Each structure stands twice: as structure tokens, then as C-alpha cells.
Participant: 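Could you have a look at this structure, given as C-alpha cells, before my questions?
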Amino acid sequence: GPGTESCVLVTRVLCSEPGARKGRVQQDARGRWLKAAILLLLLSAAAGGGLVAWNRLRSQDGIPEGGIPADGVTEGGIPADGVTEVLAHRSDHLQDKFVQVPCSEDYESHQRFAGCTPRKCGRGVTDAVITREEAERIRRIAERGLSLGGSDGGASILDLHSGALSLGKHFVNLYRYFGDKIQDIFTEDDFALYRDVRQRIQQRIAQVFGISSSAMYLTKPTFFSRMNSTGAKTTHDEYWHPHVDKVTYGSFDYTSLLYLSDYSKDFGGGRFVFMDADSNKTVEPRAGRVSFFTSGSENLHRVERVRWGTRFAITISFTCDPQHRIADPQLSWGDRSPAGGEEPGRKLPL
Ligand SMILES: O=C(O)CCC(=O)C(=O)O
Ligand SMILES: [Fe+2]
């Protein structure tokens with residue numbers, strides 16, 4: 001739970017840099033104080049209005065009749081008052097929403113890469129790059145792959161690059177387990193669609209941030225996620241902790257998320273939240289919606305716990321550092337997968 005070492009999906013195995021973790025724990029601690037202060041303020045100011053706020057929160061969350069027990073007045077840290085703004089409603093069809101935020105200092109302590117390292121930071125959301133039909137096709141790929149495994153807890157991942165697949169409390173290597181039989185599960189078309197989608201998202205990011213698409217590279221981890229309301233069984237399942245992708249995953253410079261299901265239709269809870277000093281900004285997932293942002297601490301974020309239903313997404317991440325580049329996943333890897341291990345994020349030869 002909060003206060004313990006937090007991990008986001010695959011990150012525990014991937015990034016256990018002690019320095020990075022310490023920074024995050026300190027950040028978490030500050031966040032908790034802030035949350036406690038806000039909670040106290042809320043409780044004293046709105047003793048009578050609490051129930052109203054709670055009901056509003058429940059209806060926002062789309063909790064079905066009968067309800068599901070929740071953890072307090074603030075659903076997973078989102079205050080039930082005006083300090084939460086919606087950046088993207090599920091029902092919106094956004095062309096090219098972009099909000100610029102000042103870049104954090106994170107990039108100064110890293111090597112800079114011309115034509116790629118962010119000079120301008122921010123967040124974008126678009127429903128116009130990937131169609132709902134394409135998202136549906138990708139969701140079916142995710143469902144097919146994830147149905148072969150699945151975590152005992154609420155978060156399962158399938159890393160198409162390393163082949164890492166959640167299974168029980170651990171991971172297996174899909175490519176190694178299935179070898180050439182992988183061709184009965186995924187087709188060449190599936191990988192072609194992934195490549196195409198990755199390329200279009202990359203081009204949009206380059207365009208919006210004014211960088212060169214050819215100077216940014218796919219990096220790991222890049223993975224499908226499936227989340228539901230089952231309680232966490234290991235820290236791998238704890239996807240809801242606030243984090244900074246660049247700290248958590250190291251090589252990330254630009255993060256993108258392609259959503260494959262609809263908030264409040266397919267699942268409740270599970271909104272994406274940018275946690276700014278003054279307020280939270282939520283992105284409600286919608287099939288085909290691409291959310292993308294610079295990966296530094298200007299974009300501290302979290303995912304609300306999923307309360308009901310199943311949430312599918314894919315995280316596609318980019319680096320400016322050619323040394324952290326990975327190739328697009330391909331079918332022909334079969335049992336010669338580049339990972340060769342059962343944990344996601346083993347050091348991979350390119
Ligand atoms: O699925 C999401 O909306 C975000 C997941 C995330 O923050 C991450 O994988 O780092
Ligand atoms: Fe993240």
C-alpha cells in the first residue's frame with residue numbers, strides 16, 4: 001500500500017535504481033501530506049456536503065447499482081471538489097488537444113539529443129490518429145495474448161517486445177513458451193498493425209513537440225495492459241501509484257498511451273490523472289484515444305483503481321537515446337525472442 005515501495009506495472013523488475021526509488025518515495029510522502037491536508041480541509045468545510053460529494057463521485061465513476069466498496073471520501077486521491085479538471089471526457093472526440101507545461105529540470109541531468117530532447121513540454125490527447133475500429137482490432141490482439149496468462153491480481157501485462165506475460169504472481173516468456181506456435185496466436189497482420197499504429201503516434205508526437213520523428217526511437221517497455229478490480233497480489237499489480245515515467249522507466253522521453261476500451265462503459269474508475277501542484281487533470285480513456293506527454297516530472301501521474309469491468313490499454317514509449325532503442329516486435333522471433341528470460345525488462349541485445 002502507500003508508503004511501501006511502489007511499482008507501476010512492469011517497473012519493479014525493470015527499474016530498481018535505488019536513487020530513483022528514493023526520489024519517488026519522497027515525492028509520495030509529500031503527496032500524502034498534501035492529500036491529508038486537502039482531506040482535512042474537505043472534511044471540516046463540507047461536513048454536511050460530504051454525502052453529496054460522495055454521490056457525485058460515485059456517479060462520475062460509473063459505479064453500478066449495488067456499488068463496490070471504496071476507500072474514502074477521495075476516490076484514490078482525487079478530491080471530490082473543483083480541483084479536478086477533465087482534460088478529456090470520454091464522450092469528446094478530440095482532434096488535437098494540447099496543453100503546454102514548463103519542462104522540469106529532469107532533462108538537464110541527462111544527455112541532450114538534438115532534434116529530440118524536449119524543449120517544449122506538455123500533454124496531448126487525440127482521437128483522430130487511431131480509429132475506434134483499429135483500437136478494436138488491437139484490443140482483440142491484447143485479449144488473445146493476455147488470455148494465455150494473467151496475473152492473480154488486478155493488473156496483467158503483455159510485453160510484445162520481450163514476450164513477458166503476467167502469469168499468477170510472476171511472468172513467463174510467451175515467445176519461449178510457445179516457440180514457433182506463436183504463429184497460431186499472432187499473425188503477421190497483427191504486427192503490421194502494431195507497427196503502423198506506433199508509427200502514426202510517433203509522427204504525431206514529433207509534430208506536436210516540434211521534433212524530428214526520425215530522431216526518436218521506440219524504447220522498452222512497450223506493453224499491453226489489462227486492469228480489473230481484483231485486489232493486488234504482488235507489487236506488480238499496483239498500477240495506481242503516482243509516478244514519473246522518466247524516473248520509473250529510465251529511458252523514456254515521450255510516453256504515449258493508446259486506450260482500447262471506454263471509461264464508464266467497459267469499466268469504472270481507471271481514469272488517468274495528471275497530478276499538478278494546483279489541481280488534478282484527468283483523461284478519461286476511450287477506445288482509439290491517444291494520450292501522449294513528455295516523460296519528465298512535469299507530468300507526474302497515476303491511474304485510478306479500476307472499480308468494475310476491464311480496462312485495456314497499450315503503453316508505447318519513445319526515447320531520444322539511440323542506445324535505448326528497440327526494434328518493433330516481430331513474429332519471426334518465435335522462440336529466439338530477444339529477451340530469453342522470464343522477467344520483463346532483462347537487458348536485451350538490439
Ligand atoms: O494506462 C495508463 O493510463 C497509464 C499507465 C502508466 O502510467 C504507465 O504504464 O506508466
Ligand atoms: Fe506512467
Side-chain angles (χ1 to χ4, degrees), residues 6-15 20 24 27-28 31 76-78 86-88 90 104 106 123-126 130 135 138-139 142 146 151 154-162 164 166 201 218-228 232 235-264 266-275 280-307 309-319 344-345:
S6 61
C7 304
V8 182
L9 294 171
V10 283
T11 63
R12 188 179 176 74
V13 206
L14 284 167
C15 314
R24 190 146 34 89
Q27 211 160 35
D28 284 356
I78 298 191
V86 181
L87 196 63
R90 194 257 295 174
S104 61
D106 299 5
R123 314 141 182 184
V125 182
T126 178
I130 309 300
I138 298 176
R139 197 193 65 224
L146 284 159
S151 164
S156 303
I157 64 117
L158 168 57
D159 183 330
L160 270 188
H161 179 78
S162 70
S166 307
I201 293 174
L218 188 67
T219 192
K220 70 183 168 64
T222 189
F223 57 92
F224 291 114
S225 60
R226 184 184 70 192
M227 299 170 183
N228 60 37
T235 48
H236 297 296
D237 299 321
E238 296 182 21
Y239 54 80
W240 50 80
H241 295 289
H243 63 280
V244 170
D245 286 349
K246 197 162 183 56
V247 175
T248 305
Y249 301 108
S251 64
F252 285 31
D253 289 299
Y254 298 90
T255 304
S256 78
L257 299 157
L258 167 59
Y259 292 110
L260 306 174
S261 42
D262 292 330
Y263 167 71
S264 90
D266 299 316
F267 61 89
R271 290 177 296 182
F272 178 98
V273 188
F274 288 110
M275 305 176 74
N280 290 317
K281 277 106 184 160
T282 58
V283 175
E284 300 178 356
R286 168 189 162 103
R289 172 165 288 171
V290 180
S291 165
F292 55 94
F293 48 89
T294 44
S295 310
S297 49
E298 66 277 4
N299 282 316
L300 175 71
H301 62 271
R302 63 190 292 274
V303 177
E304 291 175 297
R305 290 185 203 230
V306 169
R307 300 243 167 250
T310 308
R311 178 198 201 263
F312 284 95
I314 177 163
T315 300
I316 303 179
S317 40
F318 299 97
T319 183

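Just so we're clear, the structure is a prediction, and the values are computed from it rather than from any experiment. Read the numbers this way: they start at 1 and go in the same order the structure lists the ligands and their atoms.
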Participant: Do the ring planes of His301 and Phe272 sit parallel (below 30°), tilted (30 to 60°) or perpendicular (above 60°)?
Facilitator: parallel
Participant: I'd like the atom name of the N/O/S atom in His301 lying closest to the Fe ion (ligand 2).
Facilitator: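 Relative to the Fe ion (ligand 2), the closest nitrogen, oxygen or sulfur of His301 carries the name NE2.
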Participant: Considering Leu258, Ile157, Val303, Val283, which one's heavy-atom position lies nearest to atom 4 (C) of ligand 1?
Facilitator: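 Nearest option to atom 4 (C) of ligand 1, by heavy atoms: Val303.
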Participant: Return the CG to CZ distance between Asn280 and Arg302, rounded to the nearest 0.5 Å.
Facilitator: 8.0 Å
Participant: Can you tell me which portion of His301 lies within the under-4.0 Å heavy-atom range of ligand 1? Options are side chain, backbone, both, or neither.
Facilitator: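 Only the side chain of His301 comes within reach of ligand 1.
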Participant: Could you tell me which N, O or S atom of Asp245 is nearest to the Fe ion (ligand 2)?
Facilitator: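 In Asp245, the heteroatom (N, O or S) nearest the Fe ion (ligand 2) is OD1.
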Participant: For Phe312, which part has a heavy atom under 4.0 Å from ligand 1: side chain, backbone, both, or neither?
Facilitator: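 Answer for Phe312: neither.
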Participant: For the pair Ser151 (side chain) and Ser156 (backbone), establish whether a donor and an acceptor sit closer than 3.5 Å, ignoring hydrogens and angles.
Facilitator: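 Such a contact is absent between Ser151 side chain and Ser156 backbone.
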Participant: Of the listed options (Phe293, Phe272, Tyr249), which comes nearest to atom 8 (C) of ligand 1 when hydrogens are ignored and any heavy atom counts?
Facilitator: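 Result: the heavy atom closest to atom 8 (C) of ligand 1 is in Tyr249.
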Participant: Determine yes or no for a side-chain-to-main-chain donor-acceptor pair under 3.5 angstrom, with Ser291 supplying the side chain and Leu257 the backbone.
Facilitator: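 No, the answer is negative, given that no donor and acceptor are paired below the 3.5 Å cut-off.
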Participant: Verify whether one side chain among Ser317 and Thr219 offers a donor that lies under 3.5 Å from an acceptor in the other.
Facilitator: no
Participant: I'd like to know whether Thr282 forms a side-chain hydrogen bond (donor to acceptor under 3.5 Å, both in side chains) with Arg271, so could you lay out the CA-CA distance, the side-chain angles of the two residues, the decisive distance to 0.1 Å, and finally the verdict.
Facilitator: CA-CA 6 Å; Thr282 58; Arg271 290 177 296 182; 4.7 Å; no
Participant: Any idea which atoms of ligand 1 are less than 4.0 Å away from a heavy-atom of Thr315?
Facilitator: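 So the atoms of ligand 1 that pass are 9 (O).
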Participant: Between the side chain of Asp106 and the main-chain N/O of Ser297, is any donor-acceptor distance below 3.5 Å?
Facilitator: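 Yes.
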Participant: Determine whether Phe293 and Phe274 satisfy the following criterion, side-chain contact (heavy atoms from CB on, under 4.5 Å), listing intermediate values before the conclusion.
Facilitator: CA-CA 10 Å; Phe293 48 89; Phe274 288 110; 3.7 Å; yes
Participant: Looking at ligand 1, is there an atom of it that comes within less than 4.0 Å of some heavy atom belonging to Phe223?
Facilitator: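 Yes, Phe223 has heavy atoms under 4.0 Å from ligand 1.
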Participant: Do any heavy atoms of His243 fall under 4.0 Å from ligand 1?
Facilitator: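 Yes, His243 has a heavy atom closer than 4.0 Å to ligand 1.
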Participant: Nearest 0.5 Å, please: how far is CG in Leu158 from CG in Leu146?
Facilitator: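 Result: 5.0 Å between the selected atoms.
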Participant: Out of the N/O/S atoms in His243, what is the name of the one closest to the Fe ion (ligand 2)?
Facilitator: NE2
Participant: Examine the proximity of ligand 1 to Tyr259 and report which part, side chain or backbone, both or neither, has a heavy atom under 4.0 Å away.
Facilitator: side chain
Participant: One residue to check: Asp245. Relative to ligand 1, which of side chain, backbone, both or neither has a non-hydrogen atom less than 4.0 Å away?
Facilitator: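 Side chain only.
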Participant: Tell me the contacting part of Arg311 for ligand 1: side chain, backbone, both, or neither, using a 4.0 Å heavy-atom threshold, strictly below.
Facilitator: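 Answer for Arg311: side chain.
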